[in-house]
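First the structure, in the form of structure tokens, and then the observations on it.
Along the sequence shown, residues are numbered consecutively beginning with 1.
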Amino acid sequence: MSILKVLPARRRLGRSEHAEYYTEEGKITLSGGDPVLEDTVRGNSRGSKITYFTDDDRLIIDGATPAWNITPSGAANQPEPPQPLGLIV
């Protein structure tokens with residue numbers, strides 16, 4: 001399943017085996033098959049379940065694992081410790 005949102009200065013692509021869209025809540029959930037949300041502004045997010053709220057641009061990632069961050073200069077930074085209940089971006 002793929003979900004694509006394109007704006008003039010931003011592109012988001014969400015992929016997973018299963019997706020649900022709740023129109024009243026403005027909520028999209030991605031689960032199954034290593035869900036990923038690729039965002040040209042904020043970078044990529046992965047977890048066992050990704051929940052995106054369209055009304056306020058909020059993102060909740062359950063089961064996130066820390067990853068190496070590469071700075072524009074190419075230097076690697078160690079990741080922050082994982083959040084126990086998910087990561088809110």
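When all heavy atoms of A9 and V41 are compared, the pair lying nearest together is O-CG2, 4.0 Å. The heavy-atom pair separating L37 from L59 by the smallest distance is CD2-CD1, 3.7 Å. Between P35 and G47, the closest heavy-atom pair is CD-O, 3.1 Å.
In this structure, D55 has no side-chain hydrogen bond (donor to acceptor under 3.5 Å, both in side chains) partners at least two apart in sequence or on a different chain. Residues forming a side-chain hydrogen bond (donor to acceptor under 3.5 Å, both in side chains) with D34 (at least two apart in sequence, or on another chain): R46. Here T40 pairs with R10, R11 under the side-chain contact (heavy atoms from CB on, under 4.5 Å) rule; sequence neighbours left out. Take E38 and apply the side-chain hydrogen bond (donor to acceptor under 3.5 Å, both in side chains) test, not counting sequence neighbours, and it matches R15. For the side-chain hydrogen bond (donor to acceptor under 3.5 Å, both in side chains) test, no residue two or more places apart in sequence or in another chain qualifies with Y21.
At a threshold of 4.5 Å between non-hydrogen side-chain atoms, the residues D57 and R12 count as touching. Using a 4.5 Å heavy-atom threshold, the side chains of T54 and I28 count as touching.
A donor-acceptor distance shorter than 3.5 angstrom exists from the side chain of S48 to the backbone of D62, with no hydrogens or angles considered.
Put simply, CG on L13 and CG on D39 are 10.5 Å apart, with the number rounded to the nearest 0.5 Å. Rounding to the nearest 0.5 angstrom, the gap separating the CG atom in L30 from the OG atom in S45 is 10.5 Å.
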For this session: May I have the step-by-step check of side-chain contact (heavy atoms from CB on, under 4.5 Å) for I60 and F53, ending in yes or no?
Result: CA-CA 9 Å; I60 299 173; F53 294 88; 3.7 Å; yes
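Geometrically, K27 engages Y22 in a cation-pi contact, judged by NZ or CZ lying under 6.0 Å from the ring centre and within 45° of the ring axis.
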